[in-house]
Every structure is written in C-alpha cells, then in structure tokens.
Amino acid sequence: MIVTGGGRGLGREMALALAEEGARVAITGARAGEELDATAREAESLSGRILPLICDVTDPDACMALVARVEEKLGPVAVLINNAGRGMRLVSETYNREPTRFWETDPQAWAAIIAANLNGMFHMSRAVVPGMLARGCGKIINISTSDQTMVRRGYAPYGPSKAAMEAASRIFAQDLAGTGVDVNVLLPGGAADTALLPDGPGKKGADGNLLSPAIMRAPALWLSADDSNGQTGARYIARLWDEALPFDEAAQAARSAPVEKPAIM
C-alpha cells in the first residue's frame, strides 16, 4: 500500500489506521523530514509496518521509481491513496482571512498547486495501474475537498485543482470498469485541522469548526478492504460516516449523491 503525503494530517491518520490492521504501508513526502520518520516509528508498535520514502509526485519518473521500490520492499501495491497535495498557503499565508483574487496569484504558485494536486494523482495512478491490471485487483483512493471549497472565493487554484481531480477520478473509474481496479474519492466533509490551514487565531473552518483528521480512518479502511470490491466511481464524505453502523451501512450513508452519468459521445 502507498499513502502519498503520509507523514502528517489526513495521510498520517490513514496510514496508521492501515498499519493497525496489519498492512505494510509506504508513506511519502516530497522531502526528508522528521514527520515521515516519526509516523514510521509510531507504527512500530502496531501490527503492520510503515516505510517512509521520499517522492515528489509531480515528477512522473520519481513516481515510477517509487512504485518499483515499494514492490521490492513490501510487495505488490494493492492500494494507492493519493493524499499528497499543496494548499492555498503557497499563494498567501492569510488566504483564509484576506482572499487572493485569481489575477493576483503568482503563476508559479498556481502551477505548483495544480502539479501536486492534479498531476501528482495522475502520475501515481499511472505508475500503479499496470501492476493492478495484471493482478486483476486494486484500489485507488483520491483525497478531495468539499463542493463549497471547490468554488469558494479566493480558493483558486486549490478548489479547481480538486474539482479537476474528482472529474479525472470518475473518468479513471470508467476506464478501469470491469478490470477489478476500483477508483473512488474520499473527503473530510469540512475543514480539517491540518497544515493546509495557517496557524493562529484564524485557523478555523468556514463554519468556525475544524474536523479531526482521524475521521478519515474508518472510510479509508473500508475503501482499502475487499469489502468494498466493485464499489467504484463514487464519492464518500468522512464526516457522514457513522462508526456505530456496520461498515456497508456507514459507507452508504457517507456516499455522496451520484452525479448523472454522462452520455457516451
């Protein structure tokens, strides 16, 4: 299994949840840092194993090399969670209090966010799919954001990058239909308490609240497991996941209303 951006925030929680279930998980970061190593050390007391690796997901060759190394160290990649990404702090440290209008955004910051959030998901998915197809099974889980954030004033290009990622996810799911490889989208369902938000008194969601990154654990486990086989092209909201329910019922409750299937052109 691979969880990109697995050293902190949502990725860390999902990686640790998988390790607790006995999975062997590779977590990635774009550069070396204590967060990756600390997450791996935390997993040492669990049933599974976490292997920290450096990978810039914006580099297609690096993604191919990462998958080859993971397969060498941990075995075939059965699950890919595309969590690595860049947020609006790259545009402005005060974006959540003083929105930056799109024409004021530095083109390099715009390109970097698109490269990580959209292109990185493509590069990693492209690297793992041939092996999944050969084995006739696999899971790709793409981490997204809420509908409101996609179109919120001052949130370009972060919001549009996630909207494009969700559209690509639906296309990938159709391309892979009938192969045994499932592609789904998972999102917190509100602002989560992660490093994507600036620290300080302004660190809060649009409704004044912040979700715990741990809400991603249960739905990520289900989407990674055989219990979800055949569920593809869907969108799941972690905030709506009721852990008091059996997994299948909780998944149904957390599943976003389907969008009308496009006509074949």
- Task: Answer yes or no: is there a side-chain heavy-atom contact under 4.5 Å between P52 and T39?
- Result: no
- Heavy-atom donor-acceptor pair, T232 side chain to V183 backbone, under 3.5 Å: yes
- Message: Using every non-hydrogen atom in the two residues, find where A250 and D242 come nearest and quote the distance to one decimal.
- Response: CB-O, 3.4 Å
Would you list the atom pairs, donor with acceptor, under 3.5 Å between side chains in residues 62-76 and any protein atom, with sequence neighbours excluded?
none

- Message: Are V129 and F172 connected into the same hydrophobic cluster when the rule is that any two of I, L, V, M, F, W, Y join if their side-chain heavy atoms are below 4.5 Å apart?
- Response: yes
- Would I143 and V185 show up in the same hydrophobic cluster when neighbours are defined by side-chain heavy atoms closer than 4.5 Å? no
- Query: Could you state the interatomic distance from CD1 (I237) to OG (S146), rounded to the nearest 0.5 Å?
  - Reply: 8.5 Å
- Message: Looking at E243 and R217, is there a salt bridge between them, counting it only when a charged N and a carboxylate O are closer than 4.0 Å?
- Response: no
- Query: If you round to the nearest 0.5 Å, how far is CE of M216 from CG of L221?
  - Reply: 11.5 Å
- Looking only at side chains, do S169 and N142 share a donor and an acceptor under 3.5 Å apart? yes
- Any side-chain heavy-atom pair of F247 and W241 under 4.5 Å: yes
- Item | Distance (rounded to the nearest 0.5 Å) between S125 OG and D175 CG | 11.5 Å
- Query: Any side-chain heavy atom of R41 sitting closer than 4.5 Å to one from E34?
  - Reply: yes
- Item | 4.5 Å side-chain heavy-atom contact, M150 and E166 | yes
- Taking only residues two or more places apart in sequence, or in another chain, which ones meet Y236 in a ring-ring contact (aromatic ring centres under 6.0 Å, His included)? W222
- Task: Heavy atoms only: give me the nearest P188-S144 pair and the separation to one decimal.
- Result: CD-O, 3.6 Å
- Message: Could you measure the distance from the CD1 atom of I81 to the OG1 atom of T28? Nearest 0.5 Å is fine.
- Response: 11.5 Å
- Side chain R135, main chain G131, donor-acceptor under 3.5 Å: yes
- Query: With a 4.5 Å heavy-atom cut-off, do L133 and L176 have their side chains touching?
  - Reply: yes
- Item | CG-CD1 distance between L223 and I140, expressed to the nearest 0.5 angstrom | 12.5 Å
- Do any N or O atoms from the side chain of T4 and from the backbone of N83 form a donor-acceptor pair under 3.5 angstrom? yes
- Note on the structure: Of all heavy-atom pairs linking P99 and R153, the shortest is CG-NH1, 3.9 Å
- Query: Which heavy atom in M132 sits nearest to a heavy atom in A78, and how many Å separate them?
  - Reply: CE-O, 3.6 Å
- Task: Check whether I50 and L18 end up in the same hydrophobic cluster, where Ile, Leu, Val, Met, Phe, Trp and Tyr are linked by side-chain heavy atoms less than 4.5 Å apart.
- Result: yes
- State whether E35 and R12 are salt-bridged, where the test is any N-O pair (Lys NZ or Arg NE/NH1/NH2 against Asp/Glu carboxylate O) under 4.0 Å. no
- 4.5 Å side-chain heavy-atom contact, D147 and R235: yes
- Message: Please say yes or no: joined through hydrophobic side-chain contacts below 4.5 Å, possibly via intermediate residues, are V79 and V3 part of one cluster?
- Response: yes
- Query: Yes or no on side-chain contact (heavy atoms from CB on, under 4.5 Å) for T145 and Y158, after CA distance, side-chain angles and deciding distance?
  - Reply: CA-CA 9 Å; T145 192; Y158 177 76; 4.0 Å; yes
- Considering all heavy atoms, the nearest I27-A15 contact: CG2-CB, 3.5 Å
- Taking atom types as modelled and ignoring hydrogens, do the side chains of D182 and S228 form a donor-acceptor contact shorter than 3.5 angstrom? no
Mind listing the side-chain donor-acceptor pairs of residues 108-124 below 3.5 Å, one per line with the distance, residues two or more places apart or on another chain?
unit_1	atom_1	unit_2	atom_2	d
N117	OD1	R86	N	2.7
N117	ND2	R86	O	3.0
N117	ND2	S161	OG	3.0

- Message: Within the structure provided, determine whether L16 and E42 are in side-chain contact (heavy-atom separation under 4.5 Å).
- Response: yes
- Query: Under 3.5 Å, side chain of Q252 to main-chain N/O of D248, donor-acceptor pair present?
  - Reply: no
- Query: Is the backbone of A234 close enough, under 3.5 Å, to the side chain of N184 for a donor and an acceptor to pair up by distance?
  - Reply: yes
- Task: With the side chain counted from C-beta on, respond yes when D227 and N229 share a heavy-atom pair under 4.5 Å apart, and no when they do not.
- Result: no
- Query: If every non-hydrogen atom of L53 is compared with every non-hydrogen atom of A26, which pair is closest and at what distance?
  - Reply: CD1-CB, 4.2 Å
- Are L80 and M14 linked, directly or through other ILVMFWY residues, by side chains that come within less than 4.5 angstrom of each other? no
- Message: Checking side-chain polar atoms at under 3.5 Å, does T149 have a donor or acceptor matched by the opposite partner on K162?
- Response: no
- Rounded to the nearest 0.5 Å, what's the gap from CE on M88 to CZ on R152? Could you check? 11.5 Å
